[in-house]
Amino acid sequence: MQLDSLYQEVILDHYKHPQHKGLSSNFAAQVSHVNASCGDEIILNINLEGDLISELTWDGQGCSISQASVSIMTDLLTGKTLDQAAIILKSFSDLMASKGTSAGDELVLEDAIAFAGVSKFPGRIKCSLLGWMAFKDAAIQAQSRK
Amino acid sequence: MQLDSLYQEVILDHYKHPQHKGLSSNFAAQVSHVNASCGDEIILNINLEGDLISELTWDGQGCSISQASVSIMTDLLTGKTLDQAAIILKSFSDLMASKGTSAGDELVLEDAIAFAGVSKFPGRIKCSLLGWMAFKDAAIQAQSRK
Amino acid sequence: MSFSPALIRQDFPIFERTVREGKKLVYLDSGATSQKPHSVIEAESGFYKFHNAAVHRGAHQLAEEATDAYENARLIVSKFLNAPGGSDEIIFTKNATESLNLLAYSMGNAEGTNRFALKAGDRIVVSEMEHHANLIPWQQLCARTGAELGWFSVTPEGRLDLSAIDSVITADTKVVALTHQSNVLGTIIPLEAIVARAHAVGAVVVLDACQSVPHMPVDVAALEIDFLSFSGHKTLGPTGIGVLWGRKNLLDELPPFLFGGSMIEYVTMTDATWAMTPAKFEAGVPNMAQAVGLGAALNYLSEIGMENVHSHEVALTAYLLEAMREIEGLKLVGPNDTHLRGGAISFMVQDIHPHDLGQYLDSQGVAVRTGHHCAWPLAKALNVPASTRASLYLYNDESDCDALVHAIVGAKKYFGRF
Amino acid sequence: MSFSPALIRQDFPIFERTVREGKKLVYLDSGATSQKPHSVIEAESGFYKFHNAAVHRGAHQLAEEATDAYENARLIVSKFLNAPGGSDEIIFTKNATESLNLLAYSMGNAEGTNRFALKAGDRIVVSEMEHHANLIPWQQLCARTGAELGWFSVTPEGRLDLSAIDSVITADTKVVALTHQSNVLGTIIPLEAIVARAHAVGAVVVLDACQSVPHMPVDVAALEIDFLSFSGHKTLGPTGIGVLWGRKNLLDELPPFLFGGSMIEYVTMTDATWAMTPAKFEAGVPNMAQAVGLGAALNYLSEIGMENVHSHEVALTAYLLEAMREIEGLKLVGPNDTHLRGGAISFMVQDIHPHDLGQYLDSQGVAVRTGHHCAWPLAKALNVPASTRASLYLYNDESDCDALVHAIVGAKKYFGRF
Ligand SMILES: Cc1ncc(COP(=O)(O)O)c(C=O)c1O
Ligand SMILES: Cc1ncc(COP(=O)(O)O)c(C=O)c1O
C-alpha cells in the first residue's frame with residue numbers, strides 16, 4: 001500500500017513521542033511558522049555556542065508529518081555546526097523536491113530519510129518542510145544577532 | 001438583402017437631410033445623451049407651451065440610425081401634447097423590443113415605422129433609442145421646472 | 001421523476017474515472033468545489049466553438065450571438081434567485097470572493113452623502129463563523145474608513161448566538177454581512193430577526209450564500225436581504241465565475257469597483273463617468289463562456305428542482321450523522337441534527353490529525369477536505385485548530401456515506417497500530 | 001513547416017461555421033477577442049472531466065492533480081514571458097483590466113515607507129493612446145492619493161510624442177503605465193528611452209501588453225520593465241483569465257488587493273497577515289480551468305513560434321495597407337507603414353459612419369469593430385469620434401484582406417445610392 005511509504009514507522013514513532021518538544025526558557029532566536037493551508041503551527045528556539053547549534057527546542061501542533069519532521073530535525077541538528085546544518089537542510093530540501101525519485105542520502109540525513117516517501121505526496125511536502133524552514137529562519141536571526 | 005430592412009430609404013434620407021438640427025437659443029430643458037459603446041452623442045432642447053411640445057431642436061453626431069431616429073422623432077413630436085408623446089414613445093419602444101415580429105403602428109408612429117427593421121439588429125436598437133431616451137429625460141426635466 | 005443520485009452521476013464525466021489505483025471516486029468535497037455535468041462543460045466549449053466574440057462591442061453577427069448568450073445567462077441567474085429587479089441586478093464576477101471584495105471596495109469608494117460612505121463611529125457586523133472571504137474584506141474596509149468591526153459569536157453547538165442581537169447590530173451599524181450556511185459547521189442561520197434588526201437601524205444585509213445557493217432554494221425577495229454573493233464553481237458551474245446580486249436602487253447608488261472598458265459613460269484624460277447598472281460593475285471583456293456555463297448549471301439544477309436537491313441532502317445528512325454516532329471517538333464540529341443544517345459535516349477522530357485522516361481516506365478513494373477551511377477564527381473560537389470535512393451534494397448517496405464511515409474505521413485501525 | 005493560415009484555421013472550430021446566410025466568416029476582430037483552437041477548448045473541458053478539484057486545499061488525489069495542472073500553467077506563462085523570477089512572478093487574474101486595477105488598488109493600499117505609497121506631489125504617467133483599462137484605474141488612484149496624472153500626447157501620425165520625455169516623466173514620477181501596442185492605431189511604442197528615464201527617476205514601468213503578447217515575442221527581462229498585463233482571451237486562450245507579471249521583489253513589497261481564502265498567513269477576527277507571492281494576490285478558488293486553457297494556448301503559440309506569428313502579421317498588414325491605399329476616400333487612423341506597427345488597422349471611409357460601415361461589412365461576413373475602441377481620449381485627440389477597425393491574427397490571410405477591401409467598396413456603393 002502506497003500509504004505505507006508515507007507513514008514510515010519512524011515517523012509515527014516521533015509523532016507519538018516527540019523529541020526536544022517544550023520550549024527552552026532562553027534562546028538566541030525564536031521563530032514562529034505556520035502552514036496557512038492547514039493551520040499547523042511551530043515555534044522553534046535556537047541556542048548557539050559559537051558556530052555550534054547547542055540547543056533546539058520547539059512547541060506546536062499539526063499532523064504527524066510536520067510534527068515528526070521537526071522532532072527528527074531537532075535530534076539531527078543539535079550539536080552540528082551551522083555549516084553542517086546547512087548541508088543537511090539542502091539535502092533534505094532536495095529530497096522533498098525529488099517526487100519520489102530519490103531515496104535520500106542516509107549518511108547525511110540519518111533518520112530523516114524516512115521522509116523520502118513524502119516527496120510522492122505533493123500536498124504533504126509543505127508539512128515536512130515546516131520545521132526546517134523555521135530552522136533556516138531561526139539560524140539566520142541568531143547569527144545576525146551575534 | 002436583410003440589410004435593406006435596416007437601411008430604409010426614409011432613414012437614409014433623414015440622415016442626409018436632418019430635420020430640426022441646430023439648437024434653439026432658449027429652452028425649457030436641455031439634455032445630453034451619449035451611447036458609450038459607440039461614442040454617439042445627442043444634445044436635445046425642448047420648449048413647452050403648457051402641455052404642448054412647442055419646439056424640439058437637437059445637435060449631435062453618430063450613425064445613420066441614431067441621427068435619422070432623432071430627426072424623425074423631432075418631426076413627429078413637435079406640436080404634440082406630452083401625453084400624446086408618451087404614447088408614441090411607448091409605441092416606439094415596444095417596436096424596438098419586438099425582435100422583428102412587429103411592423104409598428106403606422107397611425108401612431110408615422111415615418112418612425114421605418115425603424116421596424118432595426119429591431120432585428122440588437123446592436124442597433126440603442127442607436128435608434130438614443131434620441132427618444134433623451135426626449136424622455138428632457139420632458140421630465142422641463143415638467144419638473146414648471 | 002424520482003430523485004436518483006446514480007442517474008445524476010451519469011451526467012458527470014468525472015465519475016467515470018477512478019482514483020488511487022482503481023478505487024471508486026467517493027467525492028465528498030463539494031463544499032470546496034462541485035463537479036460539472038456534461039451540459040455545463042458543453043455550454044462553455046460550445047460558446048467558443050460557435051459564438052465566440054466580445055460582447056457589447058463588435059458590430060457583427062458573432063458579437064450579437066455572444067451578447068445574447070451572455071445576457072441570457074444573466075436572466076437565468078436573476079430568475080434562479082428571484083431577483084425583484086430582474087437581470088439588471090445580476091453582476092458577474094470571477095468568484096464569490098471578488099463579489100464580496102467588490103462590495104467592500106465600492107463602499108470604500110463612496111463619499112459624502114452617499115449612503116455607503118463609512119466613517120469613524122460606523123459599524124460593520126459579521127460573525128465568528130465567516131469564511132475569510134466574508135471577513136477580511138470588511139476588516140480592511142474598517143481599517144481604511146475608521147469604522148468598527150463587530151460580530152456575533154458562535155455557541156458551542158455551532159449556532160449563531162443571537163441573544164445580544166441589539167447590542168451587536170447597534171444603531172450605528174451600516175452593514176451586516178453574514179454567511180447563509182457555514183462551510184465548516186453546516187449551520188444555516190435564521191435570517192428573519194437579523195434582517196429586521198438590520199433594516200430597523202438602516203443597515204444593509206449582505207449574504208454570503210456560497211454554501212446555500214448550490215444546495216437549497218434561495219429567494220432573495222422573500223429573504224428581504226440587500227446583497228448576495230455565490231460562486232459558480234460550487235454550483236455545478238465553471239470555475240472563474242461568481243455572482244453578486246444587489247437591489248437595483250442600491251447598486252445604482254454604489255460607486256464602481258474595477259475601472260476600464262464597457263463600464264463608462266464618458267471619459268476624458270482626467271475624469272470619467274459611469275455606465276448604468278450592471279455594466280458599471282463589469283469592466284473589460286467579461287468571463288463570457290463561464291457565464292454561459294453557469295446559466296447551463298442553474299438550468300440543470302432547476303430541472304431537478306432545488307427543493308428536491310435540498311431534501312435529498314437533508315436526508316443524506318441525517319443518514320451520515322446517524323452512522324457517525326456509531327463511530328467511537330468521533331466528535332462532530334457543528335450541530336448534530338438536521339434542524340437548520342446543510343450537508344457540510346466536520347469532525348475529529350480521536351487524536352488522529354485531520355491531515356493524516358484525510359490522507360488515509362484519500363488512499364481509499366474518499367475525497368474530503370481538512371484544515372481550518374478558510375475560517376480560522378471559527379477554528380480558534382471552537383478550539384479545533386483543524387478538522388476533517390465531508391460535504392454532500394446531489395450526486396452523493398448512501399453508498400458514499402458508507403464508504404466514508406468504512407474508511408474512518410480503517411483509519412483508526414491504521415493509525416492505532418503504533 | 002511553413003506558415004499556413006489555412007492549416008492553422010483548421011485548428012479553430014469556429015471557422016467551420018458561416019455567418020449571414022451562408023457567408024464565409026472573415027474574422028477581423030481579434031483585437032477585441034481571439035478565436036480558440038481545439039487544444040484550448042479541450043484543455044479547459046478536460047480539466048473539468050478528469051481533474052476538477054479546488055487547488056491548494058483538498059487532501060486528495062484530484063486536488064493534487066488540479067494543483068499540478070494549475071501550477072504548470074503558471075510555469076508555462078512565466079517561460080512564455082521569460083520572467084526572470086520564474087513562476088512566482090505570475091499572478092492569474094480574470095482579465096487584463098483586473099490586472100491593471102490590481103496594481104492601482106494595491107498601490108493605493110500601500111502606506112508609510114512602502115515604495116508604492118503615493119502622496120500629493122507624486123506623479124503617474126500614461127499616454128493619450130491608452131485603452132480605458134490603463135487610464136481610469138490610474139485616474140482613480142490619483143484621486144484617492146492626491147498624486148497627479150501626466151501623459152504623453154500622440155502625434156497626428158499616431159506615434160507617442162517623446163520630444164518632451166523629461167518633462168513628462170518628472171523626478172516625482174512613481175509609475176509610468178503605457179500600452180505596448182495601441183489597440184486603435186496599431187502603433188508599437190519604443191520602450192528603451194522610456195524605461196531608462198523612468199528608472200532614472202525611480203519609477204516603475206507598467207506595460208499594458210494586451211495587444212503585443214498575443215502578436216509578437218515579448219521578453220520582460222529584455223525589456224527591463226517592472227510589471228506587465230495581458231488577457232487570455234486575446235491570446236487564443238479562454239475568457240475569464242488574465243495575467244499580471246511583476247518582478248518578485250516588487251510583488252513582495254506590494255500590498256495585496258483581493259482578500260479572502262488562500263491569500264492569508266494568519267487570521268484573527270480583527271486582523272490578518274498575508275501569504276507569499278503569488279498566493280498573496282490570488283484570493284478564493286481561482287479560475288483553474290481557464291489557467292489550464294491559457295497554458296494550452298501559449299503552448300500552441302510557442303509551437304508555431306511568436307517570431308513567425310509576428311512576421312506573418314507584419315506582412316499581412318503591409319498587404320492590407322497597400323490595398324487600402326487604392327480605396328478612394330479611405331483615411332487611415334494610425335501609421336501608414338509597418339515600421340513599429342502591428343496588425344490593428346483603423347480607418348474611415350468618406351462620410352459613411354463607422355457603425356453603418358461595420359453593419360454593411362457584417363452583411364458580407366466581414367467582422368470588424370467600430371466606435372472609439374475603449375480609447376475615447378485618443379478619439380478626441382485625433383478628432384475621430386469613431387472609426388472602423390480591422391485587426392489581424394495568425395489565422396487571417398490575404399483572402400480575408402481582399403474580402404474586407406471588396407466589402408468596403410461595396411459599402412461605398414450601397415450608401416452612395418442616396
Ligand atoms: C490595449 C488594451 N488594453 C486593455 C484591454 C483590456 O483587456 P480586457 O478587456 O481583456 O481586460 C484591451 C482590450 O480590450 C486592450 O486592447
Ligand atoms: C462560505 C463561503 N464563503 C466564501 C467562499 C469563497 O468562495 P470562492 O473561493 O469561490 O470565492 C467559500 C468557499 O470557498 C465559502 O464556503
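All values derive from a computational prediction rather than experimental measurement. Just so it is clear: chains get the letters A, B, ... in the order the sequence lines come, proteins before strands, and each one is counted from 1.
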- Message: Out of C/Ala96, C/Ala381, C/Cys374, return the one with the most heavy atom pairs under 4.5 angstrom to chain D.
- Response: C/Cys374
- Query: Non-hydrogen atoms of chain C under 4.5 Å away: do they reach the side chain of D/Leu25, the backbone, both or neither?
  - Reply: side chain
- Using a cut-off of under 4.5 Å for heavy-atom pairs, which of D/Tyr266, D/Phe12, D/Tyr27 has the most such pairs with chain C? D/Tyr266
- Between D/Lys36, D/Gln359, D/Arg20, which residue shows the highest count of heavy-atom pairs closer than 4.5 Å to chain C? D/Arg20
- What orientation do C/His372 and C/Trp376 show, parallel under 30°, tilted 30 to 60°, or perpendicular over 60°? parallel
- Heavy-atom pair count under 4.5 Å with chain D, highest-scoring of C/Ile264, C/Leu102, C/Leu100: C/Ile264
- Message: Which atoms of C/Pro354 are under 4.5 Å from chain D, going by heavy atoms: the side chain, the backbone, both sets, or neither?
- Response: neither
- Is C/Glu98 reaching over with its side chain to a backbone N or O of D/Leu258, donor-acceptor style, under 3.5 angstrom? no
- Item | Winner by heavy-atom pair count (cut-off under 4.5 Å) against chain D, out of C/Gln140, C/His233, C/Lys234 | C/Gln140
- Are side-chain N/O atoms of C/Glu64 and C/Thr67 paired as donor and acceptor at under 3.5 Å? no
- For the candidates D/His131, D/Met288, D/Glu130, D/Lys380, which exhibits the highest count of non-hydrogen atom pairs separated by less than 4.5 Å from chain C? D/Lys380
- Winner by heavy-atom pair count (cut-off under 4.5 Å) against chain D, out of C/Asn95, C/Thr93, C/Val126: C/Asn95
- Task: Verify whether one side chain among C/Gln35 and D/Asn52 offers a donor that lies under 3.5 Å from an acceptor in the other.
- Result: yes
- C/Ser106 side chain to C/Pro255 backbone, donor-acceptor under 3.5 Å: yes
- Proximity breakdown for D/Ser34 and chain C, heavy-atom pairs closer than 4.5 Å: backbone
- Contact winner vs chain D - C/Leu149, C/Leu361, C/Asn109, heavy-atom pairs under 4.5 Å: C/Asn109
- Note on the structure: Scored by heavy-atom pairs under 4.5 Å with chain C, the best of D/Thr239, D/Asp362, D/Thr268 is D/Thr239
- Using a heavy-atom cutoff of under 4.5 Å, enumerate the residues of residues 38-45 of chain C that contact chain D, numbered in order, or state 'none'. C/Ile41, C/Glu44, C/Ser45
- Do C/Asp29 and D/His60 get their side chains close enough for a donor-acceptor pair, meaning under 3.5 Å? yes
- Query: So do the side chains of D/Thr370 and D/Leu357 get within less than 4.5 Å of each other, counting heavy atoms only?
  - Reply: no
- With chain C, the option among D/Arg17, D/His373, D/His132, D/Met269 that has the most non-hydrogen atom pairs under 4.5 Å is D/Met269
- Message: I want to check something: taking the side chain as every heavy atom from C-beta on, are D/Pro377 and D/Leu135 in contact at a cut-off of under 4.5 Å?
- Response: yes
- What part of D/Ser153 is in contact with chain C, defined as an atom under 4.5 angstrom from a non-hydrogen atom: side chain, backbone, both or neither? neither
- Query: With side chains defined as the heavy atoms from C-beta onward, is the minimum distance between D/Pro238 and C/Tyr48 less than 4.5 Å?
  - Reply: yes
- Message: So that I know where these two stand, are D/Phe259 and D/Trp274 an aromatic pair - ring centroids less than 6.0 Å apart?
- Response: yes
- If one checks every heavy atom of C/Glu16 against chain D at 4.5 Å, the contacting part turns out to be neither
- Steps toward side chain to side chain contact (heavy atoms under 4.5 Å, CB included) verdict (C/Leu62, D/Ile14): CA-CA 10 Å; C/Leu62 290 182; D/Ile14 204 156; 4.0 Å; yes
- Using a cut-off of under 4.5 Å on heavy-atom pairs, state which of C/Gly261, C/Gly242, C/Ser262, C/Ser231 scores highest against chain D. C/Gly261
- Message: Can you confirm whether C/Trp138 sits close enough to C/Val125 that some side-chain heavy atom of one is under 4.5 Å from a side-chain heavy atom of the other?
- Response: no
- Residue from D/Ile136, D/Val19, D/Thr388, D/Asn287 scoring the most non-hydrogen pairs under 4.5 Å with chain C is D/Ile136
- Under 4.5 Å to a heavy atom of chain D? For C/Lys49 that would be both
- Note on the structure: Applying a strict 4.5 Å limit to non-hydrogen atoms, the region of C/Ser99 in contact with chain D is neither
- Measure D/Gln290 against the heavy atoms of chain C and call it side chain, backbone, both or neither at under 4.5 Å. both
- Item | Residue part contacting chain D, namely of C/Gln61, when any heavy atom lies under 4.5 Å | both
- Query: How about C/Leu103 and C/Pro137: do any of their side-chain heavy atoms sit closer than 4.5 Å?
  - Reply: no
- Task: Using the six-membered ring wherever Trp is involved, compare the ring planes of D/Phe257 and C/Tyr105 and label them parallel, tilted or perpendicular (cut-offs 30° and 60°).
- Result: tilted
- Item | Residues which pass salt bridge (charged side-chain N to carboxylate O under 4.0 Å, His left out) with C/Arg144, listed by chain and number, not counting sequence neighbours | none
- Item | Chi angles and distances behind the side chain to side chain contact (heavy atoms under 4.5 Å, CB included) call for C/Tyr70, C/His56 | CA-CA 10 Å; C/Tyr70 183 66; C/His56 306 141; 4.1 Å; yes
